[in-house]
Amino acid sequence: MKNVVLTYAGDRSGALYDILNRHGIQVHAYTDKEKAFSRTQTGHFISSVETARLLEEGLADHVIISGRLFIDQAEKLAEEFYTLGVDPDKVLAATPRYYLSEDEKDIIRFKDYHCLHFLEFHAADHCNLNCSGCTHFSPLVPGEVFPDPDALRQDLTQLRKVVEYIDKIHILGGEPLLNRQLDLYLDMVREFYPFSTIEVHTNGTLLNQMPDRLVESFLRNDINIFVTLYPPMYKSIEKIMKAAADKGLNVRYYTLSKFSRIFDVNGGHSAGVRQLSCRFPNLYQGKLYPCPSIAYVRYFNDAFDQNISSTEGAVDLYQDIDFDTLKRELHKVRSICDHCLFISKDHEITGDWELSCGRKLIGDYVYGL
């Protein structure tokens with residue numbers, strides 16, 4: 001590999017260019033559709049069609065896609081080159097590890113780049129707010145339910161065998177700050193996925209009560225905090241944010257005042273859909289689920305004597321499975337998807353946010369009864 005073309009997307013800082021240049025690899029040009037961007041290193045942009053021609057004629061060895069680009073965007077770029085007839089062996093990924101190692105073995109065939117865009121898992125199934133209609137069914141959880149740290153370690157070990165990189169990991173619930181061992185979970189996830197962006201999603205009620213060891217774990221592992229801001233916290237959020245910032249924590253918030261029903265008894269929502277575009281796979285009890293509603297639907301079933309299948313949407317990480325199969329399974333349309341009001345924004349049935357106040361009403365979750 002001596003002469004390459006880089007995709008400008010993912011390398012606008014020039015970090016990948018600089019590393020390659022240090023190791024004597026010539027960047028022939030950048031390929032990008034937005035010709036308005038320019039760089040001092042080469043000042044040279046070419047189209048994807050011209051890139052394909054250079055590769056076919058042997059005037060460039062490879063095209064390299066930056067591993068700092070989110071995988072869904074990177075896959076679109078790679079697919080464009082494949083469509084143009086570029087040999088898949090010539091389409092490479094500079095993995096996130098390469099930016100630290102600068103070892104050429106960490107530049108691999110893009111087809112061998114096993115990266116998920118997103119993963120989330122619970123640090124607690126239950127919650128201290130219990131929003132009516134919660135998509136994770138937290139108000140329906142009986143008592144306190146925390147994942148076993150040893151079991152989670154085993155699950156992450158299995159996942160890591162199939163998925164080497166993940167763009168974003170969210171730790172949530174329920175309310176994750178209810179877990180008194182949360183620092184162990186943060187350390188563990190960072191150990192398995194050192195290059196991921198990791199966030200803990202919380203309702204913010206317990207932010208100012210975090211023990212020092214948990215604050216230190218957030219800082220040590222470079223983990224962000226994202227507050228989903230519900231009406232009860234509107235007046236106190238600024239004070240909470242300032243206290244967190246004073247400790248060096250990176251905290252953001254998103255205001256949420258509407259909730260959507262989850263299921264529609266009438267169905268018909270997956271008509272014409274060939275594969276799911278849902279982007280929130282959940283790791284739960286040794287399996288990977290396409291979404292939280294399928295992962296935790298057992299709480300809904302138990303509360304209302306229903307029998308919606310969760311196993312239909314589960315990918316068992318302890319079975320012999322490869323990365324491509326896992327991705328296909330996560331994007332399959334399941335029978336439950338036909339009743340999902342989140343499969344299209346056009347079908348959302350929203351209502352004002354409110355607390356469940358201990359009630360268990362199926363109408364909080366289901367439309368059309």
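Quick caveat, the model's predicted, so the values are computed rather than measured.
- Looking at heavy atoms from C-beta onward, Leu214 lies in side-chain contact with Leu177 at the 4.5 angstrom threshold.
- With sequence neighbours excluded, the residues that form a side chain to side chain donor-acceptor pair (under 3.5 Å) with Thr202 are Glu175.
- Among residues two or more places apart in sequence or in another chain, the ring-ring contact (aromatic ring centres under 6.0 Å, His included) test is passed with Phe323 by His114.
- In this structure, Phe280 shares a hydrophobic cluster with Phe118, the cluster being traced through Ile, Leu, Val, Met, Phe, Trp and Tyr side chains under 4.5 angstrom apart.
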Return a table of donor-acceptor pairs under 3.5 angstrom between the side chains of residues 230-242 and protein atoms on other chains or two or more places apart.
residue, atom, partner, partner atom, Å
Ser236, OG, Met233, O, 3.4
Lys242, NZ, Asp246, OD2, 3.2

Can Asn307 and Asn301 be said to form a side-chain hydrogen bond (donor to acceptor under 3.5 Å, both in side chains), step by step? CA-CA 6 Å; Asn307 59 356; Asn301 287 337; over 6 Å; no
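- Two residues are said to be in side-chain contact when any heavy atoms from C-beta on lie closer than 4.5 Å; Asn224 and Val200 fail this criterion.
- Between the Glu312 side chain and the Ser335 main chain, a donor and an acceptor come within less than 3.5 Å of each other.
- Under a 3.5 Å cut-off, the side chain of Ser138 and the backbone N or O of His126 do not form any donor-acceptor pair.
- Checking side-chain atoms of Arg334 against main-chain N and O of Ser309 turns up no donor-acceptor pair under 3.5 Å.
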Could you list the donor-acceptor pairs under 3.5 angstrom formed by side chains in residues 353-368, with sequence neighbours left out?
residue, atom, partner, partner atom, Å
Glu354, OE2, Arg359, NH2, 3.1
Ser356, OG, Asn130, O, 3.2
Arg359, NE, Asp364, OD2, 3.1
Arg359, NH2, Ser132, OG, 3.1
Arg359, NH2, Asp364, OD1, 3.4
Asp364, OD1, Ser132, OG, 3.4
Asp364, OD2, Ser132, OG, 3.3

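- Heavy-atom neighbours of Asp103 CG from other residues, nucleotides or ligands within 6.0 Å: above the threshold of 12.
- Within the 4.5 Å cutoff, the side chain of Phe110 has no heavy atoms near those of the Leu92 side chain.
- Tyr299 pairs by the ring-ring contact (aromatic ring centres under 6.0 Å, His included) definition with nothing, not counting sequence neighbours.
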Pair Arg160-Glu191, salt bridge (charged side-chain N to carboxylate O under 4.0 Å, His left out): steps then yes or no: CA-CA 11 Å; Arg160 185 66 171 70; Glu191 173 190 342; over 6 Å; no
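- Every side chain to side chain donor-acceptor pair (under 3.5 Å) that Tyr296 has, sequence neighbours left out, goes to Asn282.
- Residues Tyr289 and Val163 do not share a hydrophobic cluster, clusters being chains of Ile/Leu/Val/Met/Phe/Trp/Tyr side chains in contact below 4.5 Å.
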Passes side-chain hydrogen bond (donor to acceptor under 3.5 Å, both in side chains), Tyr284 versus Asp125? Steps please. CA-CA 10 Å; Tyr284 188 58; Asp125 287 0; 3.0 Å; yes
Give the C-alpha distance, both sets of side-chain angles, the deciding distance and a yes or no for side-chain contact (heavy atoms from CB on, under 4.5 Å) between Leu172 and Thr228. CA-CA 11 Å; Leu172 67 173; Thr228 306; over 6 Å; no
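- Criterion: ILVMFWY side-chain heavy atoms under 4.5 Å apart, direct or through other members. Under it, Leu129 and Leu182 are not part of a common hydrophobic cluster.
- Between His339 and His269, the ring centre distance reaches or exceeds 6.0 Å.
- The side chain to side chain donor-acceptor pair (under 3.5 Å) test applied to Asp187 returns Ser217, Arg220, Asn221, not counting sequence neighbours.
- Linking Ile, Leu, Val, Met, Phe, Trp and Tyr whenever their side-chain heavy atoms come within less than 4.5 Å leaves Ile198 and Ile71 in two separate clusters.
- A salt bridge between Asp155 and Lys287 is absent, with no side-chain N of the basic residue lying under 4.0 Å from a carboxylate O of the acidic one.
- Side chains of Phe195 and Tyr165 form a contact here, defined as non-hydrogen atoms less than 4.5 Å apart.
- Ring centroid separation for the pair Tyr8 and Phe45 comes in under the 6.0 Å cut-off.
- The residues Arg97 and Glu102 are annotated as not salt-bridged, no charged nitrogen and carboxylate oxygen being separated by less than 4.0 angstrom.
- Using a 4.5 Å heavy-atom threshold, the side chains of Ile64 and Val91 count as separate.
- In this structure, the side chains of Ile171 and Leu186 come closer than 4.5 Å at one or more pairs of heavy atoms.
- Residues satisfying the side chain to side chain donor-acceptor pair (under 3.5 Å) test with Tyr82, not counting sequence neighbours, are none.
- Partners of Phe300 under the ring-ring contact (aromatic ring centres under 6.0 Å, His included) rule, at least two apart in sequence or in another chain, are Phe137, Phe263, Phe304.
- Smallest separation of non-hydrogen atoms from Phe192 and Arg153: CE1-NH1, 3.6 Å.
- Using a 30° and 60° split on the angle between ring planes, His136 and His122 fall in the parallel class, below 30°.
- Between the side chain of Gln158 and the backbone N or O of Leu317, at least one donor-acceptor pair lies under 3.5 Å.
- Taking the charged nitrogens against the carboxylate oxygens, Lys111 and Glu75 have no contact shorter than 4.0 Å, which rules out a salt bridge.
- Rounding to the nearest 0.5 angstrom, the gap separating the OG1 atom in Thr197 from the NE2 atom in His170 is 8.5 Å.
- With rounding to the nearest 0.5 Å, the separation of CD in Gln73 from CD1 in Ile65 is 11.5 Å.
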Taking only distance into account, with no hydrogens and no angle test, what donor-acceptor pairs under 3.5 Å do side-chain atoms of residues 49-63 form with protein atoms, sequence neighbours excluded?
residue, atom, partner, partner atom, Å
Thr51, OG1, Thr31, OG1, 3.4
Thr51, OG1, Ser47, O, 2.9
Arg53, NH1, Glu57, OE1, 3.1
Asp61, OD2, Lys2, N, 2.8
Asp61, OD2, Asn3, N, 2.8

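- Here the CG-CG distance, from Leu330 to Leu276, works out to 9.0 Å after rounding to the nearest 0.5 Å.
- Residues Asn203 and Leu229 form no side-chain contact, since every pair of their non-hydrogen atoms from C-beta on lies 4.5 Å or further apart.
- At a threshold of 4.5 Å between non-hydrogen side-chain atoms, the residues Gln154 and Tyr318 count as touching.
- Sorted by first and then second residue, the pairs that involve residues 203-219 and meet salt bridge (Lys or Arg N to Asp or Glu O under 4.0 Å), not counting sequence neighbours, are Asp183-Arg213.
- Checking Asp106 against Ser101 by side-chain atom types alone, a donor-acceptor pair falls below 3.5 Å.
- A cation-pi geometry, defined here as NZ or CZ lying under 6.0 Å from the six-membered ring centre and within 45° of its normal, holds between Arg68 and Tyr99.
- Summarising the geometry, atom CG belonging to Leu140 is positioned 9.5 Å from atom CG belonging to Asp302; distances are rounded to the nearest 0.5 Å.
- Atom CG of residue Asp11 and atom OG of residue Ser66 lie 6.0 Å apart, to the nearest 0.5 angstrom.
- Considering CD1 of Ile336 and OG of Ser270, their distance stands at 11.0 Å, rounded to 0.5 Å.
- Leu6 is connected to Ile25 through a chain of hydrophobic side-chain contacts under 4.5 Å among Ile, Leu, Val, Met, Phe, Trp and Tyr, so both are in one cluster.
- Ionic pairing of Lys168 and Glu199 is not present here: no N-O contact between side-chain nitrogen and carboxylate oxygen is shorter than 4.0 angstrom.
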